[in-house]
2 protein chains.
Amino acid sequence: MKNTKTPEATDSLDDFQRECVDLFMNAASSLSLPRSVGEIYGLLFSTEEPLSLDDVMARLKSSRGLTHERLRWLRIIGAVRKVSVPGRRKEHFTAETSLRRIAEGYIRDRIEPHLANGQNRLINLEGMVGAVPERESFQRGRINQVMNWHKFLTRALPAIKAIPGKF
Amino acid sequence: MKNTKTPEATDSLDDFQRECVDLFMNAASSLSLPRSVGEIYGLLFSTEEPLSLDDVMARLKSSRGLTHERLRWLRIIGAVRKVSVPGRRKEHFTAETSLRRIAEGYIRDRIEPHLANGQNRLINLEGMVGAVPERESFQRGRINQVMNWHKFLTRALPAIKAIPGKF
DNA sequence: TCTAACGTTCGATTCTTCTTGAACACATTT
DNA sequence: AAATGTGTTCAAGAAGAATCGAACGTTAGA
């Protein structure tokens, strides 16, 4: 008879893990992220030992493709780290618990690119001002407004790194 | 022959408006909000005079129900203000241009409720610690971590109101 | 080199969310 | 009160996003 089970660690979740999975699933959807992102993060957050892709897949009963996709996203953002487990060939993953680092990654990958793009669009907008002369001053005012936002955000975002304290 | 057009103001957008609509539509979807939210905000942002629900509907060629729904959402968040236009019966709307106020509204309505809820869940989580004795210290560490996040966020969010400057 | 284990990609399917349009409710004017 | 203008709600259809699973690549060890 062949052994079809993983060597250690059960496939089912304990209460603590179930509750964490649920907690982060909710958090994810209230940030408008896919539920499965929160689900996976919650599992890793509540599990002491690093898990492989197959471990995660088995415990959350989701597909290989999806699990892979979400783990990759979490890794890019910096919410999950790849760790090598001695004696095992598979890649293993563990949760990053520094909110600061996660926020930095999220900002870097999801917000800053849009800010940079917005810069170009602003320049573009300026070329359209004054097609109707009586609206020119209103339109210039609006562009100014957006430039202020832009300036504020490009200053405020890096400031997060400078906030003291552990979080 | 009956007059089926609105008394003043054309139904079509000028270049400046079109560009703003597009700009905010993109911004909305990169914040994972419905595109139509950005579309409506962009129109109001780029239009000097307040617009009625029917004005918005006509110019964006979208349905009554949707336009109503989105305008209400924008109003609740505080990104759009209701203004009364003398001599007109309909309600009219105009864009709030203070990023600070918009952010405050968004935080108040979409983030703080989840934080409050998270508080309860944390208490709940604490009851589950130690079902397996050897995991107890790990689990306590995690709960501590989340409590730190919570503490940080409940301090950081109100701090936004205190940031000096116009934005 | 061959084989087996593992990681990655992608078309098809399922599920959510957005959007529409028409019905309803409420207020204002005649 | 009737008629008209206006605001709100909701069931059903359309569009889009999340998910699955099988096929394909890649790497490690025999």
Side-chain angles (χ1 to χ4, degrees), chain A residues 2-7 21 24-43 50-77 80-93 110, chain B residues 2-8 21 24-43 50-76 80-93 110:
Chain A
K2 211 169 62 170
N3 179 12
T4 57
K5 287 285 161 195
T6 56
V21 166
F24 285 102
M25 255 176 54
N26 272 43
S29 62
S30 73
L31 293 170
S32 306
L33 298 173
R35 306 166 64 81
S36 51
V37 163
E39 204 180 16
I40 293 174
Y41 183 82
L43 173 62
L51 300 178
S52 69
L53 189 151
D54 286 296
D55 291 336
V56 174
M57 222 180 104
R59 288 169 208 204
L60 298 177
K61 294 170 187 27
S62 69
S63 71
R64 174 169 293 278
L66 180 63
T67 306
H68 176 266
E69 186 65 24
R70 296 312 190 214
L71 271 174
R72 182 170 63 165
W73 189 86
L74 284 164
R75 228 181 333 144
I76 290 173
I77 291 302
V80 154
R81 274 191 316 234
K82 210 191 273 195
V83 296
S84 54
V85 174
R88 289 191 180 254
R89 194 174 138 194
K90 294 183 186 182
E91 293 170 342
H92 285 65
F93 303 94
R110 305 253 308 177
Chain B
K2 211 169 61 171
N3 179 11
T4 57
K5 286 288 162 194
T6 57
E8 54 170 75
V21 166
F24 285 101
M25 257 176 53
N26 271 44
S29 61
S30 73
L31 293 169
S32 307
L33 299 173
R35 305 166 64 80
S36 51
V37 164
E39 204 180 16
I40 292 174
Y41 183 83
L43 173 62
L51 301 178
S52 70
L53 188 152
D54 287 294
D55 291 336
V56 173
M57 220 181 106
R59 287 168 208 206
L60 298 178
K61 294 170 187 26
S62 70
S63 70
R64 174 169 293 278
L66 181 62
T67 307
H68 177 265
E69 187 65 25
R70 296 313 189 215
L71 271 174
R72 183 170 63 165
W73 189 85
L74 284 163
R75 232 182 330 147
I76 290 172
V80 154
R81 274 191 316 234
K82 208 191 271 195
V83 295
S84 54
V85 174
R88 290 192 181 253
R89 198 173 134 195
K90 295 184 186 183
E91 292 170 344
H92 286 66
F93 303 93
R110 306 252 309 177

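Convention: sequence-line order gives letters A, B, ...; per-chain numbering from 1.
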Taking CH2 from W73(B) and P from dT9(D), how many angstroms apart are they, rounded to a whole number?
18 Å
Testing the basics here: between S63(B) and T67(B), what is the closest heavy-atom pair and its distance to 0.1 Å?
O-OG1, 2.7 Å
Distance under 4.0 Å to a non-hydrogen atom of chain A counts as contact; along DNA chain C, which nucleotides mark the start and end?
dA5(C) to dT9(C)
For the helix from dT1(C)-dA30(D) to dT30(C)-dA1(D), figure out the bend between the end axes, five pairs an end, and round to 10 degrees.
20°
Protein-to-nucleotide contact annotation, 5' to 3' order, nucleotides 11-30 of chain D [B base; S sugar-phosphate only; - none; under 4.0 Å, heavy atom]:
-------SSBB-----BS--
Between L53(B) and F93(B), what is the shortest heavy-atom contact and its length?
N-CE1, 4.1 Å
Heavy-atom distance under 4.5 Å between the side chains of I40(A) and W73(A), does that happen here?
no
Might you point out which heavy atoms bring L60(B) and L43(B) nearest each other, and give the distance in Å?
CG-CD2, 3.9 Å
What pair of heavy atoms forms the shortest contact from H92(B) to S52(B), and how long is it?
CD2-N, 3.6 Å
For E91(A) and K82(A) the tightest heavy-atom approach is OE2-NZ, 3.1 Å
Test item: M57(A) and L66(A) side chains (from C-beta on) under 4.5 Å apart, heavy atoms:
no
For E91(B), which contact category applies under a 4.0 Å heavy-atom criterion: base, sugar-phosphate, or nothing?
sugar-phosphate
Do R110(A) and S32(B) touch side chain to side chain, with heavy atoms closer than 4.5 Å?
yes
